[in-house]
Structures are given as C-alpha cells and as structure tokens.
Amino acid sequence: MHKMLIDQLSFIVTYLRLEKKDMHLVNLLFFLFAFFSCNVLAQYTRFNTSVIPVTKDAKTSLHKVTWFLKKRTWDGEPYYLVDLDAPFTWQDCVVRRSPIACGLEEGCRFPLKCDDNFCKEAHSYINPTCPSLNNITSKYGCNICAVTPSNPISNSCKLSQLTTDLVQSYGTDGRNPSIVSYPPFGTEFVVSCAPSSLLRSFPKDVTGVASFSWSTLSFPRQVYNPKVTNKFVLCLPNSSRSLGAIFLGEGPFYFISFPNVDLRSILSYTPMVRKSKKSLGYYIGIKKISIKEISIPLPSLKSGSVKLSSVTPYTTLRSDIYKAFVTIFSMATKSIPRLKSVQPFSYCLKSSGVGSVEKGFRVPKIDLETESGKIWTIYGDNLMKRVGNGTACLALIDGGSKMKDAIVVGTFQMENNFLYFDLVNQKLGFSSSLLARGTSCSNFNFTEIPE
C-alpha cells in the first residue's frame, strides 16, 4: 500500500519535472507525502480491522455495500452487490486515461496492461461461457487487460477491461468506526469497468459487484492492512431498515448488546473446503442434517458440496434432499395449520402458529452437523419467511435434480449469523442465530469516533 503511494508521488514528481514546474511545488509534495505517511502508520498502529456497512434491498432481498469510492452521484453513494464467488470487483464505469496521477481528478483510473500480474491473475478465472478474449492482444496490443465481468443474477457477462480506482475505508477498534485517510486521495485497488447494460436485474441503486471470494483480486485481499486482510466477517441484516456489518481483519468485534463480549468467543469452527486452487466460492462439509434428531437422507452428498452463496436469497436443495426434508418437517409441524403455497415457496403454514423470536417458535430448529462435528443450528427466524396474509413459508427452494451443488446455503439462512471467514487457516467460524443470544447483526455501533 505504501508502495502505491510512493508510485503515485513518483509519477507526480516526474510529470512536474518534465513539464519544468516550480521545484518548490515538488518539495511541498514530498513534505505532504511524509506527513500523510506518518498518519497512515499511526492508523495502522491503532486499527487492525476495518468495517463496511451492509444493507438489504427490500425488493430483491440481495445485500449490498458502499465504501465511499471516489465517485459522486446525485442520488447518493453507489452500492455494490456482495458476491462470495466473483473473481474481481467491477463497477459501471468507462476507462479514461489521464495525463496526471490518479486521484488528482475525479474518476481518474489507470488501465492495467496485459502483462501485469493482476491481469494474469484475472485471466486465470475466465468463465468459459463469457465472450472469448482471443485476438484481443493482436487487436489492441498489450496496452489493455481485457476481462469479462459477470452479473451473478442474470448469469450474463460483457467484455471490458481491468483498471484501478480509489477507496477510503473505515477502521475500527471493534466498537466504532473511524475514517482512515489514505493519502493523498485514497487506496488504489484493482477493479474492472463494465457497461451499464450489465446492471440489469440488479437493484436500481447498485452499480457493480464487490468480490469477497478466494481470489487474490477480491476486495478484502486488496484493501487495508496486508497483515490481516485474509480474514473477514459477514454479518447480514434481516431488514432493509437496518445496517449489518462486514469486517476486514482480525477483530476484536463488540456489539452494543454485549459491550464486553468479543463475538469471536462465541464461534464454533469448521474447515472450509476449496475444491481447487482456482475455486472461488466457499464450501463446507456437512455430515448430517437433522430435525428433532431425525436425520435427513443425504444421498451422494460429498464433503465440501455445501456452498455458501451471497447472491442466492434462500437455501436451495437438490430435489431428492428437498423432498426428504419437507416430508420430515411436515411431520414435525403437523399441529400447525397448513396454507396454500406462495411462490417461490411450496410449504406454507399459518403464521400465528409458527411463533416468533419474542414468544418462542413452534417450528423445530434444524441442526447441521459440520465436518468438525460442531453444530450450526438454524432457528425459526432463519427458517420461516413471513409473506403476508397470515402466512409463513419454509424458506427453502427446490433446485431441481440437476443442481451443480446439492445444497446452496442462501442469505436468508445467513442473516443475523456472525460468519468469520478465516482464509489464512481455511476455516469458517459461525455463531448460529445472534437473535437467540439477544443481539443481531444490526447491533454494531456505527457512530463514528474521531481519528
């Protein structure tokens, strides 16, 4: 990160010298650089974690973040869809070359060349269903890095190019955020531009995708303190009216409800399975799924085939597993009146008979026994979706018989769960529902403290 700042300063000084500018200005820039570098070092000493607010889109149930990119819109800050499977971050933008250093003008970007290591990394994740990159170099030379950003909702992709942009982050002591000012204008990170047409099917205020995958081009691996960016926390809110939190780094993590409890202390851990070196998504092994100690048959479910997805609203099961689940669940809830199904769900009950967090749920909890033997429990608040008209539906989807992954855990089941992705040790920390502990993902104090 400091190297990026030095490169920026070197570029400015070289430009000024070539243009025969006043050397007093050059000296001033060196002074400012030294001052700001000391400020960054002080911030590193104070914080080892940063925090990003995350919100839920009311219409699509997708979760989105904003991190105060150096971009201005009349409607407020742009949002980015959280994607645990994207090879790199992309946004709606047009690459324009600038004769001055990035950050000295709005929207300045430095396009990457084809021989850049980041470009080579991006090309190792090429989606075979996307437009071919063949003959791009022969047409444009090595002056650009052609990539194919993908829309995870529509499964469409477009031809574009890799560039750089700037971001400012909020550091945190685990209790409150504080702006971390990266001089001179923000931290540079690699991002792909994409045409506006790729935004179709996104919420109207979402202008791109934020990558949180295994990729070395993912957002957590590029931004903030290099010593801690290989760990991040996903704590998704269950309402569009409240903020959840994504943390980058080691922690600690304290919520308002439990000011003296580091949330790391309540976590259980299980290994994360990476199917190959180029596998981007996160998988965990599940030994058993049970309802009231009755096991759900999991035919041909191999360890590591349970995927975590931030772009799948509801957990999706292969047909044979789904039907077995509903059979046992219906037996366990036979005392609750069944109602007509409401799309996209097929098993619905009378809402008043389901119960609530405050009064207790009458539907059974679901226990997922992980590869480590630890139990991830899904309670009623992550199991039953209230759809109106006195109806609550089992928030699981029949994905058909040809699903690539037999079980895909969706965001409804992850909401108000504290999920700690430790990429260094390849393990997932999980809390089960925070509501069962009297707190939630909306209990982080986003009141900013002075630098």
Excluding sequence neighbours, so at least two apart, what forms side-chain hydrogen bond (donor to acceptor under 3.5 Å, both in side chains) with R274?
-> none

For S215, the side-chain hydrogen bond (donor to acceptor under 3.5 Å, both in side chains) test, sequence neighbours excluded, returns none

Name each donor-acceptor pair under 3.5 Å that joins a side chain in residues 235-242 to protein atoms two or more places apart or in another chain, with its distance.
unit_1 : atom_1 : unit_2 : atom_2 : d
S239   : OG     : R241   : N      : 3.0
S242   : OG     : S442   : OG     : 3.0

Keeping to residues at least two apart or across chains, list the ring pair (Phe, Tyr, Trp, His ring centres under 6.0 Å) pairs with something in residues 384-407.
-> none

Of all pairs that satisfy ring pair (Phe, Tyr, Trp, His ring centres under 6.0 Å), the ones with a partner from residues 380-405, not counting sequence neighbours = none

The side-chain hydrogen bond (donor to acceptor under 3.5 Å, both in side chains) partners of T60 (sequence neighbours excluded) come to D57

Closest heavy-atom pair and its distance - A392, M384 | O-CE, 3.6 Å

What is the minimum heavy-atom distance between S150 and C157, and which atoms define it?
-> CA-CB, 3.9 Å

Of all the heavy-atom pairs spanning S351 and T391, show the shortest one and how long it is.
-> CB-N, 3.8 Å

Heavy-atom pair of closest approach, residues T377 and S432 | N-OG, 3.0 Å

Please determine if K64 forms a cation-pi arrangement with Y80, meaning its NZ or CZ atom is less than 6.0 Å from the six-membered ring centre and no more than 45° off the ring axis.
-> no

Closest heavy-atom pair, A146 versus H123, reported as atoms and distance to 0.1 Å, is O-NE2, 2.7 Å

Partner residues of D320 under the side-chain hydrogen bond (donor to acceptor under 3.5 Å, both in side chains) criterion, sequence neighbours left out = R318

Who are the ring-ring contact (aromatic ring centres under 6.0 Å, His included) partners of Y125, not counting sequence neighbours?
-> none

Side chain to side chain donor-acceptor pair (under 3.5 Å) contacts touching residues 406-416 (sequence neighbours left out) | K56-E415, H63-E415, T315-Q413

Which pairs count as disulfide bond (SG atoms under 2.5 Å apart) when at least one residue sits in residues 346-425, sequence neighbours excluded?
-> C348-C393

Counting only N and O atoms by type, is there a donor-acceptor contact under 3.5 Å from the side chain of N417 to the main-chain atoms of L419?
-> no

Residue pairs passing the disulfide bond (SG atoms under 2.5 Å apart) test where at least one lies in residues 251-288, sequence neighbours excluded | none

Return each pair, listed once, that meets ring pair (Phe, Tyr, Trp, His ring centres under 6.0 Å) where at least one residue sits in residues 350-398; pairs must be two or more places apart or across chains.
-> W376-F430

What is the minimum heavy-atom distance between K374 and Y269, and which atoms define it?
-> CG-O, 3.6 Å

